[in-house]
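Only one structure is covered here, and it is reproduced in the block below.
For the numbers below, each heavy atom of this structure counts, side chains included, while hydrogens, waters and symmetry mates do not. Convention: sequence-line order gives letters A, B, ...; per-chain numbering from 1. Since the structure is predicted, the reported quantities are computational estimates derived from the model, not experimental observations.
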Protein chains: 2
Amino acid sequence: MEIYRDSHDRALTDYPRPSVAVDTAVLTVPPGGELSALLVRAGAGVGTGTGTGTGTAWRLPGTFLHEGELLADAVLRSLRTKAGVSGLSPRQLHVFDDPARDNRGWVLSVAHLDVVPWPSLTIDESLAKVVPVADAGALPYGHNDILDQAVATLRTRYAAAPDPAGLLEHPFTLRQLQHLHETVAGEPLMRDSFRRAMEPQLAATGELAAGTVGKPARLFSGA
Amino acid sequence: MEIYRDSHDRALTDYPRPSVAVDTAVLTVPPGGELSALLVRAGAGVGTGTGTGTGTAWRLPGTFLHEGELLADAVLRSLRTKAGVSGLSPRQLHVFDDPARDNRGWVLSVAHLDVVPWPSLTIDESLAKVVPVADAGALPYGHNDILDQAVATLRTRYAAAPDPAGLLEHPFTLRQLQHLHETVAGEPLMRDSFRRAMEPQLAATGELAAGTVGKPARLFSGA
DNA sequence: GACGATTATCGCAGATTCGCGCTAAATGTC
DNA sequence: GACATTTAGCGCGAATCTGCGATAATCGTC
């Protein structure tokens, strides 16, 4: 294949180009826990040089983009190698482009959000941890901004549709769905208002939950 | 400054990197017209090789990112050199990352939205034109997707606040504001509902419009 | 069988929002 | 001064939404 040359007889690669990285806010909901985020040890990927500083030794997972790779594929590769997670659908949040943001050189970072069911999230605890987003503390490289935007985006999506990120195993009850939505929202939700908003978007399986004391709850799957 | 080298003794620039481009949906409202977009002739910037094809000779303005440049600065430079526009605040929409999207090589495109008051938009008509977004026709490189997302984003912003992009000269009347919002929304708006939503966010100047038949309208500026 | 616990539904009051017709005020034109 | 035009405000009915207490149904435990 002939290499394209422009009007100055130069190839695209003759011009200075940035390194492109992806950083991902991975959000999950542990059983009985709060909305939480995955953090990896600094030094295990993109970012800080040494990672020995106090309070900044943790960061969001990320990696450099490989040649010809899609951003989403880079995100998934990064999550696989850092946390053993696969088969998810990351969504873009924002590109951070300060040329001085990384002391190794000119790096653009495309921030992403990915939401992972807790059972899929097996991690090497010497390299990574999951913490409630409220307890994330100060992160480097504007990762707190990424996290904040990720949480806001997730809350907006959950306000509009039942479990859009597929965190619940199917089938589930209205009570389980409400509890999940309350965890994502970070506040209690009115039972009737919640039901009025969500039930029209659900498909009843026609079956009932078993093994509970009290009237058995109806079971639902996605609409 | 010592060049950073990683654990393989390689600099960042030793690894393959994409070229990074910015493409911008520039939206404006001509006097008495509809919500419109700026198109430039293909071949005048990033994109098509020859630009002689029918129906695809027009595209959104864009440029390659220069070394150490912020994405927003690249957008502004692109608009200055292609349309003589300056001093605006572009916002990111999405990164398009298909390695095959550009036949000259591996190019990521960071799509942006920028909104420009009509009087600021002087263009060289041999290189650019402004068309209603409904009449944009088929554009290359997924530029229709960029345009659609830009319009949706702008409509959401205008639904929530009075003239957030500053298209109106100050001061203005409620009637002028409503007319602008109707142009952006692409549909009529109820007078009372509109006033209830917007008036609390406006600052009355205390003055009245002059030179009109009928009760003079109150004048407003931003909140 | 009684009981506690849970789900589901719903009536209903109150709150909020919307749309529209009507009226008053204030201007310029004739 | 009469008139047309425009702005501004508002009363009010309709529509929608919310929250909550009450009730019925259905399970497991004792």
Side-chain angles (χ1 to χ4, degrees), chain A residues 29 31-32 155-164 167-223, chain B residues 29 31-32 155-164 167-223:
Chain A
V29 174
R155 284 177 170 164
T156 298
R157 290 179 67 207
Y158 268 75
D163 194 19
L167 290 173
L168 283 178
E169 269 187 50
H170 288 206
F172 49 81
T173 69
L174 268 174
R175 200 71 194 94
Q176 287 170 329
L177 184 67
Q178 176 173 345
H179 190 262
L180 171 65
H181 278 238
E182 286 174 336
T183 306
V184 170
E187 63 184 3
L189 301 173
M190 273 297 159
R191 191 171 59 95
D192 265 2
S193 301
F194 177 79
R195 189 182 55 79
R196 284 177 186 133
M198 297 295 151
E199 197 178 344
Q201 307 181 62
L202 293 170
T205 66
E207 296 177 13
L208 300 175
T212 58
V213 175
K215 186 178 179 183
R218 281 180 297 150
L219 292 174
F220 296 90
S221 61
Chain B
V29 176
R155 285 176 169 162
T156 299
R157 289 179 67 206
Y158 268 76
D163 193 21
L167 289 173
L168 283 177
E169 270 188 48
H170 286 206
F172 49 80
T173 69
L174 269 174
R175 199 73 195 93
Q176 287 170 330
L177 184 66
Q178 176 172 347
H179 190 264
L180 171 66
H181 278 237
E182 286 175 335
T183 305
V184 170
E187 64 184 4
L189 300 173
M190 274 298 161
R191 186 174 61 96
D192 264 1
S193 302
F194 178 79
R195 189 180 55 79
R196 285 178 185 132
M198 297 295 152
E199 197 178 343
Q201 307 181 61
L202 293 170
T205 65
E207 297 177 12
L208 300 175
T212 59
V213 175
K215 186 178 179 183
R218 281 181 294 150
L219 291 173
F220 296 92
S221 61

Any residue meeting salt bridge (charged side-chain N to carboxylate O under 4.0 Å, His left out) with B:Glu199, in chain and number order, not counting sequence neighbours: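 Testing B:Glu199 for salt bridge (charged side-chain N to carboxylate O under 4.0 Å, His left out), a comparison that skips the adjacent residues, returns B:Arg195, B:Arg218.
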How long is the gap from CZ on A:Arg157 to CG on A:Asp163, to the nearest 0.5 Å?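 Rounded to the nearest 0.5 Å, the CZ-CG separation comes to 9.5 Å.
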Just how far is it from atom CG of B:Leu189 to atom OH of B:Tyr158, taken to the nearest 0.5 Å?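 With rounding to 0.5 Å, CG (B:Leu189) is 12.5 Å from OH (B:Tyr158).
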Within the side chain of A:Gln201, is there an N or O that forms a donor-acceptor pair under 3.5 Å with the backbone of A:Pro162? no
For atom [atom1] of [X] and atom [atom2] of [N], their distance in whole Å:
X: B:Leu219; N: D:dT6; atom1: CG; atom2: P; result: 17 Å
X: B:Gln178; N: C:dG19; atom1: CD; atom2: C1'; result: 13 Å
X: A:Arg195; N: D:dT18; atom1: CZ; atom2: C1'; result: 12 Å
X: A:Leu189; N: D:dT18; atom1: CG; atom2: P; result: 12 Å
X: B:Phe194; N: D:dG9; atom1: CZ; atom2: C1'; result: 17 Å
X: A:Leu202; N: C:dA8; atom1: CG; atom2: P; result: 11 Å
X: A:Gln176; N: C:dT7; atom1: CD; atom2: C1'; result: 13 Å
X: B:Arg218; N: C:dT27; atom1: CZ; atom2: C1'; result: 16 Å

Could you walk me through whether B:Phe172 and B:Leu202 satisfy the side chain to side chain contact (heavy atoms under 4.5 Å, CB included) test, starting with their C-alpha distance in whole Å, then the side-chain angles of each, then the deciding distance to 0.1 Å, before giving a yes or no? CA-CA 10 Å; B:Phe172 49 80; B:Leu202 293 170; 3.8 Å; yes
Pairs under 3.5 angstrom only: tabulate donor-acceptor contacts from the side chains of residues 203-214 of chain B to other protein residues two or more places apart or in another chain.
unit_1, atom_1, unit_2, atom_2, d
B:Thr205, OG1, B:Glu207, N, 3.1
B:Thr205, OG1, B:Leu219, O, 3.3

Base versus backbone protein contacts along nucleotides 19-30 of chain D [heavy-atom cut-off under 4.0 Å; B, S, -]: BBB---BBBS--
